[in-house]
Amino acid sequence: MANILLLANINCDRILMLDKPLQTGGRFHYQDGGLRLGGGGANTGLGLVWAQHNVSLVSEVGSDDIGDWILAKASTLGLDCRLVHRFVGNTCEMLLVMTPDGERTIIRPQRPVFELPAPPDWQHWDAFYINSSAKGAGAWAADAMAYNPNCKVISQLAKDERNRPCHVLIASITDMQGRCNQDPWRFAQAIAGDALEHFIVTDGDQGAMVYSNAGEQHVPAVIANVVDTTGAGDAYAAGVIHGLCQQMSITDAMHEGALWASFAVATKSSIPGKALKQYLT
């Protein structure tokens with residue numbers, strides 16, 4: 001069991017299920033799939049809770065009824081939300097537009113700037129995961145590595161060119177398009193710094209590549225019946241985090257991530273479903 005701190009969004013997702021794939025200028029019918037808990041914090045955190053880890057979220061929601069609903073739902077599922085900040089204002093719903101082939105398009109409002117407070121006592125934490133544009137995330141990561149060498153820092157590649165100090169950097173092949181015109185390892189080092197040990201690039205059902213000073217390796221995907229791709233990347237990251245906390249090699253941790261992601265895409269939900277819970281418990 002590890003103490004894991006997640007810096008990631010936690011959302012209220014409204015699901016719109018379309019009758020056909022999206023096309024520019026088209027007309028569509030939809031069914032309202034209602035509200036469900038989502039966001040990287042929930043999608044990553046819940047599997048880690050089921051794996052018997054202590055998981056705390058650092059995020060922010062509004063001081064309104066939707067914010068109350070999000071925190072109540074997340075807390076009931078076992079996520080520690082005491083570090084979630086409440087801003088003055090409304091929590092906007094995220095629109096998840098689902099098509100019959102299981103693909104999804106996310107439509108969200110611009111978020112208010114989330115500025116992190118002073119960092120926590122890193123001696124308490126075994127792993128720190130970043131999937132947020134919060135101001136000060138890089139400083140927290142650098143602080144964690146400086147004050148607790150045993151705290152594993154894992155980060156998603158940012159949507160912009162900001163630095164992400166970490167031991168393990170994760171990106172999708174889509175994230176990389178138009179951004180990497182050089183050796184992937186050198187690209188990752190320029191973002192993550194000298195402490196970087198591994199750079200993982202996922203590519204859906206084509207599996208994932210991992211780059212390091214020692215070279216590169218491919219880890220295949222786990223085949224699944226795709227129902228809903230929402231949260232697949234989050235579930236993959238959670239499996240990798242779990243594997244690293246269990247002292248697995250990077251390739252074994254990536255296989256664990258691929259397995260968790262296979263459960264996620266086979267579930268009609270943002271957060272992981274019963275199949276992953278049964279596997280872990």
Side chains of Ser59 and Asn9, donor plus acceptor under 3.5 Å: no

Given the rule that I, L, V, M, F, W and Y join up when any side-chain heavy atoms are under 4.5 Å apart, are Trp122 and Leu244 in one cluster? no

Quick check: do Leu57 and Ile10 have side-chain heavy atoms less than 4.5 Å from each other? yes

Residue pair Val240 / Met254: nearest heavy atoms and the distance that separates them: CG2-CA, 4.1 Å

Ala144 versus Val153, closest heavy-atom pair with distance: CB-CG2, 4.1 Å

Is any side-chain heavy atom of Met1 closer than 4.5 Å to one of Asn54? yes

To the nearest 0.5 Å, how far apart are CD in Glu197 and CD1 in Ile154? 9.5 Å

Exam field: side chain Gln23 to backbone Pro21, donor-acceptor pair closer than 3.5 Å: no

Decide whether Val201 and Val219 are clustered together by the hydrophobic rule: side chain heavy atoms of Ile, Leu, Val, Met, Phe, Trp, Tyr closer than 4.5 Å, transitively. no

Run the side-chain contact (heavy atoms from CB on, under 4.5 Å) test on Val55 and Asp80 for me, step by step, so that the C-alpha distance in whole Å, both residues' side-chain angles and the decisive distance to 0.1 Å come before the verdict. CA-CA 6 Å; Val55 182; Asp80 187 338; over 6 Å; no

Parallel, tilted or perpendicular: rings of Tyr279 and Phe263 (30°, 60°): tilted

Is there a donor-acceptor pair closer than 3.5 Å between any side-chain N or O of Thr44 and the backbone N or O of Ala238? no

Is the side chain of Arg108 donor-acceptor paired with the backbone N or O of Leu96 at a distance under 3.5 Å, no angle test? no

Is Trp69 reachable from Val61 through a run of I, L, V, M, F, W or Y residues, each pair having side-chain heavy atoms under 4.5 Å apart? yes

Hey, does Leu280 have a side-chain heavy atom less than 4.5 Å from the side chain of Gln278? no

Does the Asp183 side chain pair with the main chain of Arg186, one donor and one acceptor, at a distance under 3.5 Å? yes

Taking all atoms of both residues into account, what is the closest heavy-atom pair of Gly41 and Ala8, and its distance? N-CB, 3.4 Å

Heavy atoms from other residues, nucleotides or ligands near OH of Tyr30 exceed 12 (cutoff 6.0 Å): no

Full working for side-chain contact (heavy atoms from CB on, under 4.5 Å) between Leu157 and Met176: CA-CA 9 Å; Leu157 180 70; Met176 299 288 286; 4.1 Å; yes

CG of Asn90 to CG of Asp64: how many Å apart, nearest 0.5 Å? 5.0 Å

Give the intermediate values and the outcome of side-chain contact (heavy atoms from CB on, under 4.5 Å) for residues Asp32 and Ile15. CA-CA 6 Å; Asp32 190 337; Ile15 314 304; 5.8 Å; no

Would you indicate whether Gln31, at its atom CD, is surrounded by more than 12 heavy atoms from other residues, nucleotides or ligands within a distance under 6.0 Å? no

Taken in chain and number order and not counting sequence neighbours, the residues that satisfy salt bridge (charged side-chain N to carboxylate O under 4.0 Å, His left out) with Asp175 are Lys159

Closest heavy-atom contact between Leu48 and Trp260? N-CZ3, 4.0 Å

Any luck finding a side-chain donor-acceptor pair between Tyr211 and Gln217 under 3.5 Å? no

Taking side chain to side chain contact (heavy atoms under 4.5 Å, CB included) as the criterion, tell me which of Asp13, Asn43, Asn11, Leu77 meets it with Leu37. Leu77

I need the Glu93 CD to Arg14 CZ distance, nearest 0.5 Å. 4.5 Å

When you measure from the side chain of Arg179 to the backbone of Asp160, do you find a donor-acceptor pair of N or O atoms at a distance under 3.5 Å? yes

With rounding to the nearest 0.5 Å, note down the distance linking SG in Cys12 to CG in Asp65. 11.0 Å

Between the main-chain N or O of Asp126 and the side-chain N or O of Asn3, is there a donor-acceptor pair closer than 3.5 Å? no

Polar side-chain atom of Ser212 near backbone of Ala214 as donor-acceptor pair, under 3.5 Å: yes

Nearest 0.5 Å, please: how far is CD1 in Ile66 from CG in Leu35? 7.0 Å

Six-ring centre of Phe114, Lys135 cation under 6.0 angstrom, axis tolerance 45°: no

Glu60 versus Pro112, closest heavy-atom pair with distance: OE2-O, 3.3 Å

Short side-chain to backbone donor-acceptor contact, Asp252 and Met248, under 3.5 Å: no

Is the shortest heavy-atom distance from the side chain of Phe199 to the side chain of Val168 under 4.5 Å? no

Using a 4.5 Å cut-off on heavy atoms from C-beta on, say whether the side chain of Pro184 contacts that of Glu216. no

All heavy atoms of Val265 vs all of Ala224, minimum pair found to be CG2-CB, 3.7 Å

State whether Arg86 and Asp68 are salt-bridged, where the test is any N-O pair (Lys NZ or Arg NE/NH1/NH2 against Asp/Glu carboxylate O) under 4.0 Å. yes

With a 4.5 Å cut-off on side-chain heavy atoms, are Leu5 and Val58 touching? yes

I'd like to know whether Ile250 forms a side-chain contact (heavy atoms from CB on, under 4.5 Å) with Ile200, so could you lay out the CA-CA distance, the side-chain angles of the two residues, the decisive distance to 0.1 Å, and finally the verdict. CA-CA 9 Å; Ile250 189 63; Ile200 298 171; 4.1 Å; yes

What's the spacing between Trp140 CH2 and Ile130 CD1 if we round to 0.5 Å? 9.5 Å

Indicate if Phe28 and Leu16 have the same hydrophobic cluster label, given that clusters are the connected sets of ILVMFWY residues with side-chain heavy-atom separations under 4.5 angstrom. yes

Looking at Gln123, I want to see if its CD is surrounded by more than 12 non-hydrogen atoms of other residues, nucleotides or ligands under 6.0 Å. yes

Check: Tyr129 and Asn131 side chains under 4.5 Å, non-hydrogen atoms: yes

Min side-chain heavy-atom separation Met94-Ile107 under 4.5 Å: no

Side-chain donor-acceptor pair under 3.5 Å between Trp125 and Asn148, yes or no? no

Any side-chain donor near an acceptor of the partner, His53 and His242, under 3.5 Å: yes

Give a yes or no on whether Ile170 and Trp185 share a hydrophobic cluster (residues Ile, Leu, Val, Met, Phe, Trp, Tyr; joining criterion: side-chain heavy atoms under 4.5 Å apart). no

For the side chain of Lys20 and the backbone of Arg27, is there at least one donor-acceptor N/O pair under 3.5 Å apart? yes

